[in-house]
There are 2 protein chains.
Amino acid sequence: MTASRALRGAPDVSRENIDKVERAARETGYVGNPLATAFSNSKSNLIGVVVPSLNNIVFAEVMSGIAQGIDGSGLKPMFGVTDYDPVKEFELIKSLLSWNPAGLILTGLDQSEETRDLLSVAAVPVVQIMDTDGDALGAAIGFSHFQAGREMAQALIARGRRRFGYVGCGLANDLRAGRRLEGFKSALDAAGLALVAMRHDPEHSSTEAGRRITAEILHAHPDLDCIYYSNDDVALGGVFSCLAQGIAVGDALLLAGFNGLEMTRTLPVRIATTITPRRQIGFAAGRYLVEAKQGAPMRPNHKTVLPTVLSLP
Amino acid sequence: MTASRALRGAPDVSRENIDKVERAARETGYVGNPLATAFSNSKSNLIGVVVPSLNNIVFAEVMSGIAQGIDGSGLKPMFGVTDYDPVKEFELIKSLLSWNPAGLILTGLDQSEETRDLLSVAAVPVVQIMDTDGDALGAAIGFSHFQAGREMAQALIARGRRRFGYVGCGLANDLRAGRRLEGFKSALDAAGLALVAMRHDPEHSSTEAGRRITAEILHAHPDLDCIYYSNDDVALGGVFSCLAQGIAVGDALLLAGFNGLEMTRTLPVRIATTITPRRQIGFAAGRYLVEAKQGAPMRPNHKTVLPTVLSLP
DNA sequence: TTGAAAGCGCTAACAC
DNA sequence: GTGTTAGCGCTTTCAA
């Protein structure tokens, strides 16, 4: 028992014994068994990370931020991919919970009723990342997608744009892209404007779809002076479509994406985008769970809104 | 015991009792405790996934493939990022091993001596992904980077290219990029050619670096007719550099990358690239561990070479 | 400040 | 085919 106490830094162990134990541990190459610890106190140093997709660099960067945020804490991340399927998400969270994790990092605020029930029973620290539009279960760390869409529209209007098109992919699943669109439209509406044209593609977002749909929408509406995209991946397709057709991007036609991927800054033409703090979000989510593990008070329903930055040509 | 046997499908339980147990489990909402199971038989359903970086879409896609490969098997992936640091890799693997994982998926064949020792003691199924140039510890699933570089050079020579430049990022860490370069040079050599110019950047690969270094190398060597890049991210920067300067890509100057990112197919110009089966690699690695869990014989030192595909303009 | 006892939920080994 | 026993390595609780 004294050894157990000494090794995990419990109070009330004599200096002398702490030294003895540490020396012995070093000499024998002792390493604790986290499985036994987790089993014994029904709380593991595992955390669950649930993302909708890994086909996009965005969630990889979030996970990279999480890894940084928990570095050195002894927490180990387990991950699962939902493919934007609420049923998969439920099953995933259920199986993650069976490991008695020290916390859960979920994407978005739109978990199903069933999932919310499961989590409220579990009494595990939960962080919902990326989004702050809606009711948070645990701590929410992210930003308002509605607001992001609105700000982009306002900025574009201020730059004199009037004839707006929208090109999106996978909106049925990607609810946050939907909210950006809502915000965008609300700002247009407030300015007495409306979308001139709008095209979706049911597939996952891709530059290929962006390129194709941009060609279509411009063919049908050659008088657009601005296109808003569901994200930068799709917007890059738009850029390539215009480059291939010799349409001057940024001048007669402004393109606007979302995320602020590094590539938007190295293109031969400039596009508008919203730079999102995705690495910071992951980092903050990781830190939150580290602090929760160390006994910090949890902040259910508390939203941390991190700033996004508009990048305009 | 009968319930325990019935629930995990052990043999020698009567049909009648299996039904009874399953019914009771359903009625009471029983879910097993994987922590107890793992603790009891010192073998968990966790697997460890170690990647060098998550700033690149490539490893995100690999992880996506892994998630698919283990789907439905009950295995749960834990992940860690090494930042190409062998010491971090060692520590990470050590801490992963303390969870008695059902297997480990590591990137590359270049683990340190210390790490190899650790793994040989552990008696855990190991899959090394992405690379097959070198000595495999466990099962290796990937392809030869040397060969990929060589084939690219051969194809480019066959297309009449003669004055080659090379632009790379982070070669000190990214040993696989280094081997592609070696393969590339070996083919040049065999054809009586050599690199005319070569520039590295110590940073991580990025389109920004690619753009900058391409401008530099072309300024110093305007007579190059082909540039080979350490990967597509860097090559895209090269494309943007050329587009910005009005240099016709694909004609007087051919650019060649590596990975076959989707974007290389939607650019307004065509570049050469090697399409790598990264999702399949992840999937196969996941499947291998599922099979190992189910008692399939392990294949230490066995290499599975998956085909890469040259994509040329 | 230290230690003894008991138990976390499961499974391997053995007896029936 | 089923049940009993013991133990995995740790921590909580309680007594000293």
Side-chain angles (χ1 to χ4, degrees), chain A residues 1-47 73-76 78 94-103 121-124 292-295, chain B residues 1-47 73-76 78 94-103 121-124 292-295:
Chain A
M1 266 319 302
T2 299
S4 169
R5 289 194 181 100
L7 287 171
R8 72 200 132 97
D12 297 335
V13 183
S14 66
R15 187 66 253 163
E16 188 191 5
N17 272 334
I18 291 178
D19 293 342
K20 255 200 225 168
V21 168
E22 281 178 352
R23 187 152 7 93
R26 214 168 315 111
E27 281 169 8
T28 60
Y30 170 86
V31 277
N33 180 341
L35 238 20
T37 304
F39 175 55
S40 165
N41 56 13
S42 50
K43 186 56 74 185
S44 72
N45 276 339
L46 261 10
I47 68 173
S73 69
L75 256 24
K76 279 274 160 282
M78 314 169 64
K94 204 165 85 175
S95 94
L96 251 17
L97 281 175
S98 72
W99 289 91
N100 289 335
V121 173
V124 159
K293 180 197 163 191
Q294 292 166 350
Chain B
M1 269 316 299
T2 299
S4 170
R5 290 195 179 100
L7 288 171
R8 70 200 136 96
D12 298 335
V13 183
S14 67
R15 183 70 252 160
E16 189 189 6
N17 272 335
I18 291 177
D19 292 342
K20 254 199 227 169
V21 168
E22 281 179 350
R23 190 157 1 97
R26 216 170 310 112
E27 281 169 9
T28 58
Y30 171 85
V31 278
N33 180 341
L35 238 20
T37 303
F39 176 54
S40 166
N41 54 14
S42 53
K43 186 53 73 186
S44 74
N45 276 338
L46 260 12
I47 67 173
S73 69
L75 294 178
K76 281 274 159 284
M78 311 168 67
K94 203 165 85 173
S95 93
L96 252 15
L97 282 175
S98 71
W99 290 92
N100 288 336
V121 172
V124 159
K293 180 199 161 188
Q294 291 165 351

Examine [N]: is either OP1 or OP2 under 4.0 Å from a nitrogen or oxygen in the side chain of [X]? Give yes or no.
X	N	value
B:Arg8	C:dG9	no
A:Tyr30	D:dC10	yes
B:Asn17	D:dT2	yes
B:Ser4	C:dT11	yes
B:Ser14	D:dT2	yes
B:Thr2	D:dG3	yes

With a 3.5 Å cut-off and just heavy-atom distances, do the side chain of B:Arg15 and the base of D:dG1 make a donor-acceptor pair?
-> no
- With no angle test and no hydrogens, is the base of D:dC10 tied to the side chain of A:Thr37 by a donor-acceptor pair under 3.5 Å? no
Quiz item: If you measure from the Lys or Arg side-chain nitrogens to the Asp or Glu carboxylate oxygens, is any gap between A:Asp19 and A:Arg23 under 4.0 Å?
Solution: no
Comparing nearest nucleotides in DNA chain D, the 5'-proximal residue of the pair B:Ala36, B:Pro11 is B:Pro11
On DNA chain D, more 5' by nearest nucleotide between A:Met1 and B:Met1 is B:Met1
Gap between atoms [atom1] and [atom2], on [X] and [N] respectively (whole Å):
X	N	atom1	atom2	result
B:Leu7	D:dT2	CG	P	14 Å
B:Asn33	D:dC8	CG	P	18 Å
B:Asn41	D:dG9	CG	C1'	14 Å
B:Lys43	C:dG9	NZ	P	24 Å
A:Leu35	D:dC8	CG	C1'	10 Å
B:Lys20	D:dT2	NZ	C1'	11 Å

(request) Would you indicate whether B:Lys94, at its atom NZ, is surrounded by more than 12 heavy atoms from other residues, nucleotides or ligands within a distance under 6.0 Å? (result) no
For A:Asp12, which contact category applies under a 4.0 Å heavy-atom criterion: base, sugar-phosphate, or nothing? base
Just wondering, do A:Phe39 and C:dC8 stack (centres under 5.5 Å, planes under 30°)? yes
When B:Arg5 and B:Pro34 are each assigned the nearest nucleotide of DNA chain C, the 5'-most assignment goes to B:Pro34
To the nearest 0.5 Å, atom NZ of A:Lys20 lies from atom CD of A:Glu16 at 5.0 Å
In this structure, CG of A:Leu35 is separated from CG of A:Asn45 (nearest 0.5 Å) by 11.5 Å
| message | Do A:Ser95 and B:Lys76 pair up side chain to side chain, a donor and an acceptor below 3.5 Å, judged on atom types alone? | response | yes
